[in-house]
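Reading through the structure tokens given below for one structure.
The structure displayed is predicted, hence computed values, not measured ones. Just so it is clear: chains get the letters A, B, ... in the order the sequence lines come, proteins before strands, and each one is counted from 1.
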2 protein chains.
Amino acid sequence: MNKEISAEEKILTAARRIFENKGMSGARMQEIADEAKINKSLLHYYYRSKQKLFEAVFKSAFNTLSPQINTILSSDESICEKITGFTFNYTTFMVKHPYLPNFILQELNRNPEFVTELISSKNLPGMKKFRNQIKDAVEEGKIRNIAAEQLFINILSLNIFPFVSTPLLKGFLEVSDKGFKDILEKRKTEVAEFIIQSIKL
Amino acid sequence: MNKEISAEEKILTAARRIFENKGMSGARMQEIADEAKINKSLLHYYYRSKQKLFEAVFKSAFNTLSPQINTILSSDESICEKITGFTFNYTTFMVKHPYLPNFILQELNRNPEFVTELISSKNLPGMKKFRNQIKDAVEEGKIRNIAAEQLFINILSLNIFPFVSTPLLKGFLEVSDKGFKDILEKRKTEVAEFIIQSIKL
DNA sequence: GTCTATAGCCAGATAGAC
DNA sequence: GTCTATCTGGCTATAGAC
């Protein structure tokens with residue numbers, strides 16, 4: 001059954017694991033080959049170079065994360081529904097892929113041009129729609145006056161940061177792995193509450 | 001005048017810049033030497049190895065950041081004062097050192113043992129004091145019922161995340177460098193407001 | 001303390017047999 | 001497509017002159 005998985009797929013899966021842990025410069029082609037249990041030169045056969053393999057991994061990671069972020073901006077739900085839904089879905093997803101946001105932020109900081117390439121090529125409704133939604137909700141007296149940009153940053157911060165700073169938080173909170181997992185589990189609903197409490201009138 | 005600066009200092013300053021940008025594995029000793037305008041072998045003369053030089057930089061960075069975080073836990077101010085003060089001070093400081101949190105989180109994720117080494121060696125009042133403060137404030141009816149851990153994570157998230165995710169946020173917000181700088185400037189007070197709104201009764 | 005030169009290693013990439 | 005062997009360059013680190 002596992003024999004059915006092509007070498008190309010095995011490489012990509014292994015490369016994801018290694019690159020997400022060690023980053024572009026920390027990863028070794030030999031390590032990826034070992035992880036995939038294939039010969040090192042096959043990496044070059046399928047992906048030509050380390051850079052190209054890395055880009056495949058990075059784009060795939062970014063394209064996993066960015067639609068999730070985009071639901072906040074472009075879904076048609078009410079603000080509270082958005083916040084509740086996003087918080088729950090995002091945290092659930094991240095518990096399963098804890099290295100993803102860290103990897104993306106890291107490489108984006110090293111190579112900020114990637115963003116324009118990856119986001120602006122998509123022509124999404126983006127900020128404009130969200131800005132209007134917030135403006136309307138404020139005018140209709142549904143939420144207090146807050147800038148859409150600030151609210152957007154706050155939502156992302158509260159949801160993503162715990163996964164980027166796990167070791168630091170564990171240190172300051174003085175909790176075990178299990179204890180931290182429990183805290184994250186609670187955040188699936190706590191974070192939405194926290195935000196809604198803050199913007200309600 | 002600049003001649004007064006010792007080679008050792010020049011190396012450390014240069015190493016900070018390079019390591020904070022590229023991380024341990026991405027940095028090159030030659031690059032650090034060039035940045036410091038000094039001969040490469042002097043790096044080894046003063047710091048023996050890349051690893052040792054890196055550790056000097058990392059510890060210094062961590063010891064800059066961690067006392068700031070600790071003020072939330074251990075200062076004697078009221079909760080609202082803490083939140084307002086920390087938000088303002090931290091953001092002001094970070095605008096001047098935007099690479100610092102990213103660097104620390106990155107290397108901490110690669111090497112989680114660092115935390116225990118660096119935090120627990122300090123024997124700080126830590127979480128305990130903060131937990132009590134929150135418990136008291138809840139009982140006295142000053143704030144709504146919220147777990148100290150969650151509040152702590154929220155405060156850090158809202159303050160630190162924007163500096164860790166700058167390229168990503170710029171991309172989604174579709175703003176220029178200047179536009180993003182303005183948003184951060186506003187956060188010096190907006191973030192505290194956001195938190196206090198959420199926890200007040 | 002500061003320099004030049006170089007040892008020694010390791011990683012990415014390719015050649016070529018099967 | 002998959003393997004072994006090897007080239008090539010770059011990087012850390014040291015030896016040794018001044």
Side-chain angles (χ1 to χ4, degrees), chain A residues 1-61 99 103 106-107 109-111 113-114, chain B residues 1-61 99 103 106-107 109-111 113-114:
Chain A
M1 359 194 80
N2 271 354
K3 306 255 174 187
E4 309 281 330
I5 300 168
S6 70
E8 202 169 340
E9 268 306 312
K10 283 199 282 185
I11 291 171
L12 208 57
T13 307
R16 258 192 274 266
R17 262 202 289 271
I18 304 295
F19 277 131
E20 285 176 9
N21 269 303
K22 315 215 165 174
M24 168 64 180
S25 57
R28 295 291 159 251
M29 293 296 264
Q30 185 61 61
E31 212 180 348
I32 295 171
D34 293 347
E35 177 81 24
K37 283 169 190 148
I38 55 147
N39 191 285
K40 180 161 77 95
S41 43
L42 283 187
L43 300 185
H44 291 95
Y45 178 78
Y46 284 108
Y47 292 93
R48 272 190 57 85
S49 70
K50 185 184 181 184
Q51 183 62 31
K52 290 248 194 298
L53 177 55
F54 171 77
E55 280 166 21
V57 169
F58 184 80
K59 278 179 190 163
S60 144
Y99 287 109
F103 170 62
Q106 189 51 32
E107 301 299 336
N109 271 299
R110 305 262 146 93
N111 226 332
E113 315 83 73
F114 274 175
Chain B
M1 358 197 82
N2 271 356
K3 306 254 173 185
E4 309 282 331
I5 300 167
S6 71
E8 202 169 340
E9 267 306 313
K10 283 200 282 186
I11 292 170
L12 207 58
T13 307
R16 257 192 274 267
R17 260 201 292 270
I18 303 296
F19 278 131
E20 285 177 10
N21 268 302
K22 314 215 165 172
M24 168 63 179
S25 57
R28 295 291 159 250
M29 293 297 264
Q30 185 60 62
E31 213 179 348
I32 295 172
D34 292 347
E35 177 80 24
K37 282 170 191 149
I38 229 175
N39 191 285
K40 183 161 73 93
S41 45
L42 283 187
L43 301 185
H44 290 95
Y45 178 79
Y46 285 107
Y47 292 92
R48 272 192 57 85
S49 71
K50 185 184 179 182
Q51 183 62 31
K52 290 248 193 299
L53 177 55
F54 171 78
E55 280 166 21
V57 168
F58 183 81
K59 279 179 189 163
S60 144
Y99 287 109
F103 170 63
Q106 189 50 34
E107 301 298 336
N109 270 299
R110 305 263 146 92
N111 225 333
E113 316 83 72
F114 274 175

Rounded to whole Å, please give me the gap between CG in A:Asn39 and C1' in C:dT14. 13 Å

In whole angstroms, how far is the P atom of D:dG10 from the NZ atom of B:Lys22? 15 Å

What is the distance, rounded to the nearest whole Å, between atom OH of B:Tyr47 and atom C1' of D:dT12? 18 Å

note: B:Tyr45, atom OH; D:dA15, atom C1'; distance rounded to Å ~ 15 Å

Can any side-chain N or O of A:Lys22 pair as donor or acceptor with the backbone N or O of A:Arg28 at less than 3.5 Å? no

Among D:dA13, C:dT2, C:dG12, the one nearest B:Ser49 by side-chain distance: D:dA13

Separation of C:dA11 atom P from A:Lys50 atom NZ, nearest Å, is 9 Å

Could you go step by step and tell me if B:Gln106 and B:Met24 meet the side-chain contact (heavy atoms from CB on, under 4.5 Å) rule? CA-CA 10 Å; B:Gln106 189 50 34; B:Met24 168 63 179; over 6 Å; no

Checking only heavy atoms, does the side chain of B:Ser41 share a donor-acceptor pair with the base of D:dT14 at less than 3.5 Å? no

Taken to the nearest 0.5 Å, the spacing of A:His44 NE2 from A:Leu53 CG works out to 9.0 Å

Whole-Å distance separating the CG atom of A:Leu43 from the P atom of D:dG1: 15 Å

Give the rounded distance in Å between these two atoms: NZ of A:Lys40 and C1' of D:dT2. 15 Å

Check whether any side-chain N or O of A:Tyr46 sits under 4.0 Å from OP1 or OP2 of D:dT2, and answer yes or no. yes

Between B:Phe54 and B:Phe19, is the gap from one ring center to the other below 6.0 Å? yes

Nucleotide nearest A:Leu42 (side chain, heavy atoms from C-beta), chosen from D:dC11, D:dA13, D:dC3: D:dC3

For a quick check of understanding: with a heavy-atom distance under 4.0 Å over all strands, which category does B:Ala33 fall into, base, sugar-phosphate or nothing? nothing

For B:His44 and D:dT14, is the shortest distance between a side-chain N/O and OP1 or OP2 below 4.0 Å? no

How many whole angstroms separate atom NZ of A:Lys10 from atom P of D:dT2? 8 Å

